[in-house]
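Small disclaimer: the values here were computed from a predicted structure and weren't measured.
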Amino acid sequence: MGVMYILICISIFVAAVFLYLFIKSVRNGQFDDDYTPSVRMLFDDELKSKKKESSTVKNNENQI
(Lines give C-alpha, C1' and ligand atoms only; values in the text may rest on other atoms or scores of the structure.)
Protein backbone atom coordinates (compact mmCIF):
# COMPACT_ATOMS: atom_id res chain seq x y z
CA MET A 1 0.00 0.00 0.00
CA GLY A 2 2.94 2.29 0.64
CA VAL A 3 3.97 1.99 -3.00
CA MET A 4 0.59 3.40 -4.06
CA TYR A 5 1.16 6.56 -2.01
CA ILE A 6 4.61 7.01 -3.51
CA LEU A 7 3.29 6.56 -7.07
CA ILE A 8 0.43 9.00 -6.47
CA CYS A 9 2.85 11.61 -5.12
CA ILE A 10 5.21 11.14 -8.07
CA SER A 11 2.37 11.40 -10.61
CA ILE A 12 1.05 14.60 -9.00
CA PHE A 13 4.56 16.05 -9.05
CA VAL A 14 5.04 15.17 -12.74
CA ALA A 15 1.64 16.62 -13.62
CA ALA A 16 2.48 19.85 -11.75
CA VAL A 17 5.79 20.13 -13.63
CA PHE A 18 4.05 19.69 -16.99
CA LEU A 19 1.39 22.25 -16.03
CA TYR A 20 4.08 24.75 -15.02
CA LEU A 21 6.00 24.23 -18.26
CA PHE A 22 2.81 24.58 -20.32
CA ILE A 23 1.84 27.86 -18.63
CA LYS A 24 5.40 29.15 -19.00
CA SER A 25 5.45 28.36 -22.74
CA VAL A 26 2.06 30.02 -23.29
CA ARG A 27 3.22 33.19 -21.53
CA ASN A 28 6.44 33.26 -23.59
CA GLY A 29 4.44 33.11 -26.82
CA GLN A 30 5.46 29.63 -27.88
CA PHE A 31 2.01 28.96 -29.34
CA ASP A 32 1.54 32.34 -31.07
CA ASP A 33 1.09 32.01 -34.80
CA ASP A 34 2.09 35.16 -36.63
CA TYR A 35 2.27 33.67 -40.12
CA THR A 36 -1.06 31.93 -40.68
CA PRO A 37 -3.44 34.91 -40.24
CA SER A 38 -1.55 36.93 -42.85
CA VAL A 39 -1.71 34.06 -45.34
CA ARG A 40 -5.27 32.98 -44.57
CA MET A 41 -6.74 36.09 -46.17
CA LEU A 42 -4.92 35.26 -49.42
CA PHE A 43 -6.47 31.80 -49.67
CA ASP A 44 -9.93 32.74 -48.39
CA ASP A 45 -11.26 33.51 -51.89
CA GLU A 46 -10.03 30.17 -53.21
CA LEU A 47 -11.86 28.31 -50.47
CA LYS A 48 -15.09 30.19 -51.18
CA SER A 49 -14.83 29.56 -54.93
CA LYS A 50 -14.19 25.83 -54.34
CA LYS A 51 -17.29 25.64 -52.14
CA LYS A 52 -19.36 27.35 -54.83
CA GLU A 53 -18.03 24.98 -57.51
CA SER A 54 -18.75 21.91 -55.43
CA SER A 55 -22.28 23.11 -54.64
CA THR A 56 -22.85 23.84 -58.34
CA VAL A 57 -21.67 20.35 -59.28
CA LYS A 58 -23.94 18.81 -56.65
CA ASN A 59 -26.92 20.81 -57.91
CA ASN A 60 -26.24 19.73 -61.50
CA GLU A 61 -25.99 16.09 -60.42
CA ASN A 62 -29.31 16.35 -58.60
CA GLN A 63 -31.01 17.79 -61.69
CA ILE A 64 -29.87 14.94 -63.94
Side-chain angles (χ1 to χ4, degrees):
M1 191 66 175
V3 174
M4 291 294 291
Y5 294 127
I6 293 171
L7 289 175
I8 290 172
C9 291
I10 290 172
S11 65
I12 290 173
F13 175 73
V14 169
V17 168
F18 279 116
L19 180 64
Y20 169 75
L21 292 174
F22 174 73
I23 292 172
K24 184 178 176 183
S25 64
V26 168
R27 286 188 180 172
N28 287 337
Q30 182 72 29
F31 298 109
D32 290 345
D33 187 10
D34 296 333
Y35 180 71
T36 303
S38 63
V39 175
R40 187 180 302 142
M41 64 184 233
L42 298 174
F43 297 111
D44 191 34
D45 293 335
E46 291 179 10
L47 293 175
K48 288 180 183 177
S49 65
K50 286 182 182 179
K51 286 181 183 178
K52 286 181 183 178
E53 289 174 5
S54 65
S55 65
T56 305
V57 169
K58 288 180 183 178
N59 288 337
N60 288 341
E61 288 175 356
N62 290 338
Q63 292 175 356
I64 294 178

In a table with atom names and distances, give each donor-acceptor pair under 3.5 Å that connects a side chain of residues 7-14 to protein atoms at least two apart or in another chain.
unit_1, atom_1, unit_2, atom_2, d
S11, OG, L7, O, 3.2
S11, OG, I8, O, 2.8

ask   = What residues join Y5 in its hydrophobic cluster, counting side-chain heavy atom gaps under 4.5 Å, either direct or through other members?
value = M1
Check residues 22-32 and write down every donor-acceptor pair under 3.5 Å in which the side-chain atom is one partner and the other belongs to a residue at least two apart or another chain.
unit_1, atom_1, unit_2, atom_2, d
S25, OG, L21, O, 3.3
S25, OG, F22, O, 2.8
N28, ND2, K24, O, 3.3

inquiry  = Is there a continuous path of hydrophobic side-chain contacts, each under 4.5 Å between heavy atoms, that joins V17 to Y20?
reply    = yes
